[in-house]
Each structure stands twice: as C-alpha cells, then as structure tokens.
Amino acid sequence: MAMDWLKIREALAAPVGTAFCVKGWVRTRRDSKADGGLSFIALGDGTCFDSLQVVARRELANYESEVLRLTAGCAVEAEGSLVASAGKGQAVELAATELRVLGWVENPDSYPVSAKRHSFEYLREVAHLRARTNTFGAVARVRHCLSVAIHEFFDRHDFYYIHTPIITASDCEGAGEMFRVSTLDLLDLPRTADGQVDFDKDFFGREAHLTVSGQLNVETYCLALSRVYTFGPTFRAENSNTSRHLSEFWMIEPEIAFADLDADIELAEDFLKSILDVLLTRRADDMAFFDQRVDPGVVSRLRGIVDKPFRRISYTEAVDELGKAKRDFEFAVEWGADLQSEHERYLCEERFDQPVVVTDYPKEIKAFYMRLNDDHRTVAAMDVLVPRVGEIIGGSQREERLAVLEQRIREAGLPEKDYWWYLDLRRYGTVPHAGFGLGFERLVQFCTGMANIRDVIPFPRAPRQAEF
RNA sequence: GGCUCCGUAGCUCAGGUGGCAGAGCGGCGGCUUGUUAAGCCGAAGGUCGCAGGUUCGAUCCCUGCCGGAGCCGCCA
C-alpha cells in the first residue's frame, strides 16, 4: 500500500485532506441508510484515548460482504483521506476508499469484551482482552507515562538507575514473607544429618528468595554514586486480601547520600509533584476520562497536590490529633501503637484533606535500619499518606553509626552475620543517608482513582490469583 | 490470617416464607436515521457454579467443594 500509515493519535491531529491509512480494532459500528447507505466505525489503535471515526460507504466493494459484518474487536486496515466531519461529536473523520479486514471476531455473540459496560471484576477474568477497553487502555498509558516521568525526574536530578537483584539470599529488612527460589525436587528433598533440608545442595548453595526490597543493595551504590534509585519488581508472599496489596508489584526506591530525613521528605514531595504534573500535562486525554467516568474530581485533586505544600506532622502530634478527633475509631489511639488504616485516612482525608507526611515513629514499630533519634524512643522515619490509598511512600534516614546499627540488629533478633556487607558500609566511609520506597501501583491507583490495585497492573498476582 | 457477602442467558442483574425462569445491554434479522450510551420491531439464547442431602417436588432450605468480591490485619 502506497499510503502512509498514521497512528490514530497522529491521524486525529492531521490537517483535513491528508491521505493515509490506519490500522486498529473496531470499537463500535453504526449503520445508516442516509446518502445511499454508510457505516460509522469507531477505530482505536491504543495510541491515544480517542478513536477515529471511519466512514465506510456502500460504494466499497466489500460493503455488504464485510463492512456490515464488522463487530467490536475486529482488526481492520482502512485507507482514505481525512475530512471535516459532517456529523456532531468529532471534528474530523476518515472517508474510507478501502477497508480491509485483517482479523475477524469468531463468535461475536460471546466475545468477552463486547460493546457494553463490563464490571472490573469480570474484566479481571479476561485480562488478556481487557486492554482493549477504554479504561484499561487508559491505565496502560498512564502507567507508561508515570514510568517515563519517574526516570526523567531522577535523570534530571543526577540520580543513577541501579539494577538491584531480583533473587536474594538475605532476608533484607524482614519486610515480610518471601517466595522461595529453589531448584530442589520438592518430592525428594536432600536432607542433612539432623533431618533438615540440605540447602547446600540447592542451586545457590544456600536458601534463596525473591526480593522484597532493593534498598539494602542500593544503599551500597548510594555510598559511591551519591544519588541512586531502583525501579523494579518486588515480591511479598503475604496472604493479603485487600484492594491495596499485590504479591508482585513494582517499587521505586531512591537513596541519597549526605542527606537527613528533611532532605528525604523534600525529595519525596518534589518527586511526587513533578510526576503528577507531567501526567496531567501529557495524558490529559486519559485523565479527563478517569475524571469523568471513574473518579469524579481526580484531576482537581491531583492539581491541588501539585500546587500545595504537603502537611508535615510528627507521629506524636498525629497521635494527639487523633485523640482530639470528634469521632470513634475501631482501634484506640495510643502512643507506641502503629497507626491503623482508619487513622491514616482520617488524617489525610478528614483532618487535613491533603497528603500528610508523618515522621518520627516509635522505634519498636519500624525497621532496624532506620536512624535512632536523640530521644532514643523514635526513629527518623516518614510515611507519606494520601487520600483513598493511604500509605504511598515509606522512607527513613538510615542508621549510619556502626555501633547503633549493630545494637538495633541485635534488638530485632536478626542474625548479625548475614548483614556483614551492609555493616561494612558503616565501617568504610559511612555518611548520613536516606531514602524511601514508593509503591508504583499505589501511585497509579492514586492518579487514576481506580479502586482496586489489581486493575492498575496488567496481570495481577495475588493470593490464589496467577492466571495469564 | 480474621470477619462479611456473592456465584441465575455472552455481560449487568430481578426472581416476598420451595411448584420445571425474567429484564436491560450485547450478538442475530427487519425498519428508521450523518450515526456516535443511536431509535423502533422481532426471533434466538439458560443442566439457575459443582457434588451430595431434606422434600411428592429445590434457583429458592441444609452440608461440602470450587470460583469471585468487600472490609480488617500485614505493608508499598
């Protein structure tokens, strides 16, 4: 075919009169007997939210035999020229001079993604086809946009992208249950003399798991390259059944040297604002859809976050605020206990109605590597809470003092010898440093207003859910 | 891991205290229309998640299993 192939995003922006061809999947088809007979085909190729209206007239050789048989999901290639639309609803449309069917839908009556509204629960069961719906197409483009914006932000601020391992032999921060990685034959396990499983015979010669965090590894590069980050898959074998948890998710973990908790919070705030701003600018089409159909008000909510400083509050102050709240909580609030979901939501949704950064938590409820404050009761930790999703970022200044860190590892009951290389960092040129972890899917949830985290990742993995 | 709820046509759902099932949308046929959540008419489409049990009789009651959802906990 001699004609240029334009993506639908390009076609919609082309000048009237341009001749080109497009390729995509039929969203809907409507027929009219006016003007001697013609059909309107909404064609989408995923390059933008909108579809292109292709007008196919009876004069086409295959009008009766093929055009009139098109249904949602058929793959077609159409060529013609762009004309000002004679109808309402779109500025331009493609007046087709030829239309070829590339792939039919075998059983239109049972095509899983027919031209009607489907529940997200149902679409999860046909995850291989749900990308063809406007919602999941929009989610995919938003994910991409945010990913790119994240890398751009870090690149602009002199951060290096470090690829930390997926398979790990250390139980890092004890961040949760881990998935075992093994090549041993489960039906015939090698045993040691005392009857234990002999992991010396396993692939790595020791127990290995999928990573629950790249933080400990990335700290090593932080203390050499100053500003680094990871952005990769993370695995938690927790039996979590909520709309905010996945067994496999993506996490962004920046780590900055010569920095304290304040610098860490500042980074988190700049970072979030920057990528939200990029999203609102570059994906205005998809965001308008989420604002209209999924979560009325998301766009202005995100806009407000970009424009306003975050609210900062210490854990101790947060406990006071919760104590003063004129409402009942299922769980009592007392100093020393971790904040419950209801408490976090009260703070960022009701009390302040904006992102809230809670700092300086009791050391007992936080990880061993977080820097002990001078009061010896709290650590330099921070959580960023946002409406609806709750904790979207968790971070801290790291304990850089060798003796204190060793003490904290002992208190946590962790095997000190497993952390020899992590402790080495405190022996050789230690320096104050800090970082945080951002759950990518929670970010996408927050940005789109999608209620369930399983609907913002292409193929969700959760307890009893690993199809596709 | 705890608590709660759900599983009826391709999809979304209705089916008062048991008597062999309905609607809307989709798909199909027709009419109308430069249409766009199109409109009107018509026909088709269901072993009421699976397996047992109670009963003269079960979509409806009981038990188990399978699948799904929500909230809480764990956290990102």
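Keep in mind that this is a model prediction, so the values were computed, not measured. Throughout, a chain's letter reflects where its sequence line sits, starting with A, and its residues are numbered from 1. All heavy atoms count here, side chains included; hydrogens, waters and symmetry mates do not.
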Report summary line: Here the distance between atom P of rA76(B) and atom CZ of Arg388(A), to the nearest Å, is 22 Å
Query raised in the report: rA14(B) and rA21(B): how far apart are their C1' atoms, nearest whole angstrom?
Result: 11 Å
Query raised in the report: Between atom NE2 in His118(A) and atom P in rG10(B), what is the gap in whole Å?
Result: 13 Å
Report summary line: Taken to the nearest whole Å, CD1/Ile453(A) to C1'/rA69(B) is 16 Å
Query raised in the report: Is there a donor-acceptor contact under 3.5 Å from the side chain of Glu342(A) to the main chain of Glu330(A)?
Result: yes
Report task. For side chain to side chain donor-acceptor pair (under 3.5 Å), just list the numbers for Gln397(A) and His433(A), CA-CA rounded to whole Å, side-chain angles, deciding distance to a tenth of an Å, and then say yes or no. Result -> CA-CA 6 Å; Gln397(A) 183 175 339; His433(A) 61 291; over 6 Å; no
Query raised in the report: Under 6.0 Å between the ring centres of Phe179(A) and His209(A)?
Result: no
Report task. Take Ser39(A) and Tyr63(A) through the side chain to side chain donor-acceptor pair (under 3.5 Å) test and state the conclusion after the steps. Result -> CA-CA 9 Å; Ser39(A) 292; Tyr63(A) 186 76; 2.7 Å; yes
Query raised in the report: In terms of side-chain geometry, is the basic nitrogen of Arg100(A) or Glu66(A) positioned less than 4.0 Å from the acidic oxygen of its partner?
Result: no
Requested in this report: Between rG73(B), rC11(B), rA76(B), spot the one nearest the side chain of Met251(A), thanks.
Outcome: rA76(B)
Query - rC74(B) versus rC11(B) - spacing of their C1' atoms, nearest Å - result: 36 Å
Report task. Check the distance between rC11(B)'s P and Phe120(A)'s CZ and give it to me in whole angstrom. Result -> 17 Å
Report task. Using the P atoms only, state how far rG7(B) lies from rU63(B), rounded to an integer number of Å. Result -> 16 Å
Requested in this report: Give the C-alpha distance, both sets of side-chain angles, the deciding distance and a yes or no for salt bridge (Lys or Arg N to Asp or Glu O under 4.0 Å) between Arg143(A) and Glu441(A).
Outcome: CA-CA 8 Å; Arg143(A) 268 188 83 101; Glu441(A) 282 72 22; 3.0 Å; yes
Query raised in the report: Can you check the Phe289(A) CZ to rA37(B) C1' distance for me, whole Å?
Result: 13 Å
**Report entry** Nucleic acid contacts of residues 137-152 of chain A, taken as heavy-atom distances under 4.0 Å to RNA chain B
**Finding:** none
Query raised in the report: If you measure only the distance, is there a donor-acceptor pair under 3.5 Å linking the side chains of Thr234(A) and Glu248(A)?
Result: no
Query raised in the report: So, Asp45(A) side chain and Ile8(A) main chain: donor-acceptor pair closer than 3.5 Å or not?
Result: yes
Report task. Would you please confirm or rule out a distance under 4.0 Å between OP1 or OP2 of rA69(B) and any side-chain N or O of Arg454(A)? Result -> yes
Report task. Could you tell me whether Gly394(A) contacts a base, only the sugar-phosphate backbone, or nothing, with contacts defined as non-hydrogen atoms closer than 4.0 Å? Result -> sugar-phosphate
Report task. Heavy atoms under 4.0 Å is the rule here; annotate nucleotides 27-34 of chain B 5' to 3' with B where the base is hit, S where only the sugar-phosphate is, and - elsewhere. Result -> SS--S-BB
**Report entry** Nearest-Å distance once atom C1' is located in both rG19(B) and rG57(B)
**Finding:** 7 Å
Requested in this report: Hey, can you tell me if Tyr229(A) and His151(A) have their rings parallel, tilted or perpendicular (30° and 60° cut-offs)?
Outcome: tilted
Report task. Look at Arg312(A) together with Asp262(A) and state whether they make a salt bridge at an N to O cut-off of under 4.0 Å. Result -> yes
**Report entry** Integer angstrom distance from the C1' of rA9(B) to that of rU47(B)
**Finding:** 13 Å
Query raised in the report: Atom NZ of Lys116(A) and atom P of rG10(B): how far apart are they, to the nearest Å?
Result: 13 Å
Query raised in the report: Side chain of Arg180(A), backbone of Glu207(A): donor and acceptor closer than 3.5 Å?
Result: no
Show each protein N/O and nucleotides 41-48 of chain B N/O combination with a separation under 3.5 Å, one pair to a line.
none

Report task. Report yes if the distance between the aromatic ring centroids of Phe154(A) and Phe231(A) is under 6.0 Å, otherwise no. Result -> no
Report task. For rG22(B) and rG15(B), measure between their P atoms and round to the nearest Å. Result -> 15 Å
Query raised in the report: Tell me, what's RNA chain B's dot-bracket, Watson-Crick or G-U with both distances under 3.5 Å, | for other-strand, [ ] crossing?
Result: (((((((..((((.....[..))))..((((.......))))......(((((..]....))))))))))))....
Query raised in the report: What interatomic distance, in whole Å, is found between P of rG10(B) and the corresponding atom of rG45(B)?
Result: 12 Å
Report summary line: Here the distance between atom C1' of rC75(B) and atom CZ of Phe179(A), to the nearest Å, is 14 Å
Report task. Would you please determine if the base of rA76(B) is stacked by Phe249(A), with stacking meaning a centroid separation under 5.5 angstrom and planes under 30 degrees? Result -> yes
Requested in this report: Please state whether the phosphate of rG70(B), meaning OP1 or OP2, lies under 4.0 angstrom from any side-chain nitrogen or oxygen of Asn452(A).
Outcome: yes
**Report entry** Under 4.0 angstrom between Gln340(A) side-chain N/O and rG73(B) OP1 or OP2
**Finding:** yes
Report summary line: Residue set satisfying side-chain hydrogen bond (donor to acceptor under 3.5 Å, both in side chains) with Ser85(A), at least two apart, ordered chain then number -> Gln90(A), Glu93(A)
Requested in this report: Specify the separation, in whole Å, of atom CZ of Phe271(A) and atom P of rA76(B).
Outcome: 15 Å
Query raised in the report: Using a cut-off of 4.0 Å on non-hydrogen atoms, how would the nucleic acid contact of Ile252(A) be classed: base, sugar-phosphate, or nothing?
Result: nothing
Query raised in the report: For Arg30(A) and rG39(B), is the shortest distance between a side-chain N/O and OP1 or OP2 below 4.0 Å?
Result: no
Query raised in the report: Are Arg408(A) and Glu399(A) within salt-bridge range, i.e. N to O under 4.0 Å?
Result: no
Query raised in the report: Ile393(A) near the nucleic acid: base, sugar-phosphate alone, or nothing, with a heavy-atom cut-off under 4.0 Å?
Result: sugar-phosphate
Query raised in the report: For rG67(B), does OP1 or OP2 lie under 4.0 Å from any side-chain N or O of Arg464(A)?
Result: yes
Distance-only check: which donor-acceptor pairs under 3.5 Å involve side-chain atoms of residues 381-393 of chain A, not counting sequence neighbours?
unit_1	atom_1	unit_2	atom_2	d
Asp383(A)	OD2	Tyr361(A)	OH	3.2
Asp383(A)	OD2	Lys366(A)	NZ	3.3
Arg388(A)	NH2	Asp295(A)	OD1	3.1

Query - Interatomic distance at P, rG53(B) relative to rG70(B), whole Å - result: 35 Å
Query raised in the report: Any ion pair linking Arg371(A) and Asp260(A) (charged N to carboxylate O, less than 4.0 Å)?
Result: no
